[in-house]
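Contents: one structure, followed by commentary.
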Amino acid sequence: MKKFFIFLAAVSVLAACGGNPAVQEEDEHPKREDSQQQQTLKPEEAEEDSAVPDGTEKGEDTPQYRLNDQYALEPISNANPRVVLLTIDDAPDQFALEMAKTLKKLDAPAIFFVNGHFLNSPDKEEMLKEIYDLGFYIGNHTYSHTDLTTLPEKKQKEEILSVNEIVEKVTGEKPKFFRAPLGHNTDFSEQVVKEEQMLLMNWTYGYDWEPDYMTEDGIADIMVNTPYLQDGANLLMHDREWTKDGLEQIVTGLRDKGYEIADPGLIQINE
């Protein structure tokens, strides 16, 4: 969001990594089970007319949500607390555009976090542009999906800034959200993200890299029925065939439980 939103209540959104995300991302990720014990947001009854309507149009509305230190959404003022955020990592590999079309059909907003190394051809750049033109936010997931804690500062900066440059060249807009590979940040990478005026983001739960959930029905069931589903949950998914196949079930299942799909454009970016 624009800097003029700075008058809103100050919050800490750039929390240090320290193992907060829930389930590990992909099978090479370290366990971070401590975040699975994150506090459930206090339930509040919200007036129906205060809820953010679903939709995928990017806008400049007043922020209605902030990230807490567990990377879940918290309502600002009287915004509907019963929301979830959809995010898709490792785009655009093979299925991201099809996933975007499914979400568009369902009127379900999401952030697509891209890896720069996938944007290695005009066809992939066109795929990214089409996802953006469908109304979805494009996030930065670094160039090569390398653990930033293993890289010198110069390389960390290149991993982040190169993706911003590519995305801006293709879409005309720099990413507003950043998610580090494996959820691993450094003090330096966090500073770069802050200087780029992006929101540092991890997740609260995800499962689609686990062998037990690499089927359409398996991933759809666990994403909707996990005990970690709560108000403000930040759902991690990936550009994977089984996730693509189960995506409609996931969205309808979440809605059947009374959750609204949060518009990323209503998340506070800067304090």
Side-chain angles (χ1 to χ4, degrees), residues 17-41 70-73 82-103 105-106 108-115 117-118 139 141-142 144-147 149 179-185 201-262:
C17 183
N20 279 324
V23 188
Q24 78 236 32
E25 180 186 0
E26 301 177 354
D27 54 6
E28 81 259 26
H29 285 216
K31 293 289 184 182
R32 286 181 298 238
E33 297 175 352
D34 55 322
S35 67
Q36 294 182 352
Q37 300 170 8
Q38 60 190 309
Q39 295 181 350
T40 301
L41 301 179
Q70 299 293 333
Y71 301 101
L73 298 185
R82 198 164 178 79
V83 297
V84 294
L85 179 66
L86 304 182
T87 67
I88 314 294
D89 279 16
D90 298 348
D93 187 2
Q94 300 181 62
F95 306 104
L97 180 55
E98 192 172 347
M99 295 171 83
K101 290 178 177 178
T102 296
L103 291 170
K105 178 186 71 173
L106 297 170
I111 304 170
F112 283 79
F113 283 95
V114 302
N115 297 128
H117 68 87
F118 287 129
H141 198 37
T142 73
S144 66
H145 202 278
T146 302
D147 185 343
T149 65
R179 176 178 279 154
L182 320 181
H184 292 177
N185 286 286
M201 181 175 287
N202 280 340
W203 61 91
T204 59
Y205 72 83
Y207 294 92
D208 63 358
W209 55 90
E210 298 279 356
D212 289 346
Y213 306 115
M214 291 182 178
T215 64
E216 173 183 347
D217 291 337
I219 190 59
D221 178 70
I222 190 62
M223 291 298 288
V224 173
N225 296 310
T226 173
Y228 305 115
L229 175 61
Q230 63 179 40
D231 289 359
N234 187 335
L235 279 55
L236 170 62
M237 296 176 283
H238 293 80
D239 181 333
R240 303 286 187 268
E241 185 173 15
W242 48 91
T243 310
K244 178 261 296 181
D245 293 341
L247 192 55
E248 184 164 352
Q249 289 187 62
I250 292 169
V251 172
T252 57
L254 291 167
R255 285 174 168 162
D256 287 346
K257 286 195 167 186
Y259 288 94
E260 181 184 340
I261 310 303

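All figures in this text were calculated on a predicted structure; none of them were measured in a lab.
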Find out whether L86 and L254 are in side-chain contact, i.e. whether some heavy atom of one side chain is under 4.5 Å from a heavy atom of the other.
yes
In short, D239 meets M99 closest at the heavy-atom pair CA-SD, 4.0 Å
Under the 3.5 angstrom rule, does the side chain of K244 hit a backbone N or O of E98 as a donor-acceptor pair?
-> no
For salt bridge (charged side-chain N to carboxylate O under 4.0 Å, His left out), just list the numbers for E248 and K105, CA-CA rounded to whole Å, side-chain angles, deciding distance to a tenth of an Å, and then say yes or no. CA-CA 9 Å; E248 184 164 352; K105 178 186 71 173; 3.0 Å; yes
Donor-acceptor check, side chain of H145 to backbone of P181, threshold 3.5 angstrom: yes or no? no
Taking every heavy atom of L229 against every heavy atom of V224, the minimum-distance pair comes out as CD2-O, 3.2 Å
Do the non-hydrogen side-chain atoms of Y213 and M223 ever get within less than 4.5 Å of each other?
no
So do M237 and L247 actually touch side chain to side chain, heavy atoms under 4.5 Å?
-> yes
* Might you work through the side chain to side chain contact (heavy atoms under 4.5 Å, CB included) test for R179 and I111, ending with a clear yes or no? => CA-CA 11 Å; R179 176 178 279 154; I111 304 170; over 6 Å; no
Using only atom types and a distance under 3.5 Å, with no angle test, would you say the side chain of W242 pairs donor to acceptor with the backbone of D208?
yes
Here the gap from D89 atom CG to F112 atom CZ, rounded to the nearest 0.5 Å, amounts to 10.5 Å
*H117 backbone acceptor or donor facing N115 side chain under 3.5 Å*: no
**Asked** Between F95 and D245, is any pair of side-chain heavy atoms under 4.5 Å apart?
**Response** no
Open item on the list: If we ignore hydrogens and angles and just use 3.5 Å, is the side chain of R82 paired with the main-chain N or O of K257 as donor and acceptor?
Closed with: yes
Query raised in the report: With no hydrogens and no angle check, is any side-chain donor or acceptor of D90 less than 3.5 Å from a backbone partner on H238?
Result: no
What one should report as the nearest heavy-atom pair of N234 and N202 is ND2-O, 3.4 Å
Closest non-hydrogen contact found for L85 with A262 is CD1-O, 4.2 Å
CD1 (I222) and OG1 (T215) are apart, to the nearest 0.5 Å, by 11.0 Å
Subject >> Geometric class of the Y205/Y207 ring pair [parallel <30°, tilted 30-60°, perpendicular >60°] >> reply: tilted
Review point. Taking the side chain from T87 and the backbone from L235, do they hold a donor-acceptor pair closer than 3.5 Å?
Key: yes
Of all heavy-atom pairs linking A220 and G246, the shortest is CB-O, 3.9 Å
So CG of L73 and OG1 of T204: to nearest 0.5 Å the spacing works out to 8.5 Å
Heavy atoms of D217 and Q249 approach each other most closely as OD1-NE2, 3.1 Å
Between the CG atom in L236 and the OG1 atom in T243, the distance rounded to the nearest 0.5 Å is 9.5 Å
Quick one: do V251 and L103 satisfy side chain to side chain contact (heavy atoms under 4.5 Å, CB included)? Show the steps, please. CA-CA 8 Å; V251 172; L103 291 170; 3.8 Å; yes
